[in-house]
J.: 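Supplied in structure tokens, the structure appears directly below.
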Amino acid sequence: MLPFAEAVRERVLVCDGAMGTMLYSRGVFINKSFDAMNLTQAPLVEAVHQEYVLAGADIIETNTFGANRIKLASFGLADRLHDINVAGAQIARRAAGDRAYVAGAIGPLGIRIE
């Protein structure tokens with residue numbers, strides 16, 4: 001695989017799709033922390049990543065969109081922040097192998113900032 005900066009200069013890279021949507025389609029309801037699944041259902045998260053790689057994604061995002069202290073606190077998981085994020089990166093790297101790049105997903109806090 002080319003270094004990322006070189007690959008971007010050479011061609012348009014295709015990113016994966018929505019991890020949450022894919023997990024929901026597999027029966028995980030929206031009242032669950034999709035990010036916590038990095039610890040509790042890593043094989044399922046990895047399978048979704050692998051499907052995106054097999055479909056031709058050049059870049060897959062970690063399953064960490066909602067893995068921030070504020071959002072995780074609503075699930076009683078603020079103390080697992082580090083573990084969830086590390087596991088998310090490890091799972092994505094394993095699924096990507098040498099076939100795709102991995103980007104860290106960072107989403108909103110889930111609260112209004114006034």
J.: Could you check whether any side-chain heavy atom of N63 comes within less than 4.5 Å of a side-chain heavy atom of F34, counting everything from C-beta outward?
T.: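 In contact.
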J.: If the condition is side chain to side chain donor-acceptor pair (under 3.5 Å), which residues does D16 pass it with, not counting sequence neighbours?
T.: none
J.: Please enumerate all residues that pass side chain to side chain donor-acceptor pair (under 3.5 Å) together with Q90, with sequence neighbours excluded.
T.: none
J.: D58: which residues meet the side chain to side chain donor-acceptor pair (under 3.5 Å) condition with it, sequence neighbours left out?
T.: R11
J.: If we only count heavy atoms from C-beta on, is the V102 to T62 side-chain gap below 4.5 Å?
T.: yes
J.: Tell me who clusters with V86, hydrophobic residues only, linked when side chains sit under 4.5 Å apart either directly or through other members.
T.: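 Joined to V86, directly or through intermediates: none.
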J.: Among residues two or more places apart or on two chains, list those pairs meeting ring-ring contact (aromatic ring centres under 6.0 Å, His included) that have a residue in residues 36-61.
T.: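 Applying ring-ring contact (aromatic ring centres under 6.0 Å, His included) to every pair that reaches into residues 36-61, excluding sequence neighbours, yields nothing.
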J.: Taking S33 for its side chain and A36 for its backbone only, find out whether a donor-acceptor pair lies under 3.5 Å.
T.: yes
J.: With distance as the sole test, does N38 use its side chain to make a donor-acceptor pair with the main-chain N or O of I91 at under 3.5 Å?
T.: no
J.: Taking only residues two or more places apart in sequence, or in another chain, which ones meet E61 in a salt bridge (Lys or Arg N to Asp or Glu O under 4.0 Å)?
T.: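 By the salt bridge (Lys or Arg N to Asp or Glu O under 4.0 Å) rule, E61 matches no residue at all.
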J.: For E10, give me all partners under side chain to side chain contact (heavy atoms under 4.5 Å, CB included), at least two apart in sequence or on another chain.
T.: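 If we apply the side chain to side chain contact (heavy atoms under 4.5 Å, CB included) test to E10, skipping adjacent residues, the hits are L2.
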J.: If you link ILVMFWY side chains whenever their heavy atoms are less than 4.5 Å apart, which other residues fall into the same cluster as V12? By chain and number, please.
T.: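 Direct or chained contacts put V12 with none.
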J.: Please name all residues satisfying side chain to side chain donor-acceptor pair (under 3.5 Å) with R99, sequence neighbours left out, ordered by chain then number.
T.: none
J.: Distance-only, no hydrogens or angles: does the T64 side chain make a donor-acceptor pair with backbone N or O of A105 under 3.5 Å?
T.: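 Checking the backbone N and O of A105 against the side chain of T64, a donor-acceptor pair under 3.5 Å is found.
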J.: Ignoring hydrogens and angles, write down the donor-acceptor pairs under 3.5 Å from the side chains of residues 70-80, residues two or more places apart or on other chains.
T.:
residue : atom : partner : partner atom : Å
S74     : OG   : K71     : O            : 2.6
R80     : NE   : D83     : OD2          : 3.3
R80     : NH2  : D83     : OD2          : 3.4

J.: Take V28 and L44, measure what side chain to side chain contact (heavy atoms under 4.5 Å, CB included) needs, and give me the verdict at the end.
T.: CA-CA 10 Å; V28 180; L44 177 59; 4.1 Å; yes
J.: Between N68 (side chain) and P108 (backbone), is there a donor-acceptor pair under 3.5 Å?
T.: yes
J.: Quick one: salt bridge (Lys or Arg N to Asp or Glu O under 4.0 Å) partners of R26, sequence neighbours excluded?
T.: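 With neighbours one apart ignored, the set is E51.
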J.: Applying ring-ring contact (aromatic ring centres under 6.0 Å, His included), which residue pairs with at least one partner in residues 79-114 are found, sequence neighbours left out?
T.: F4-Y101
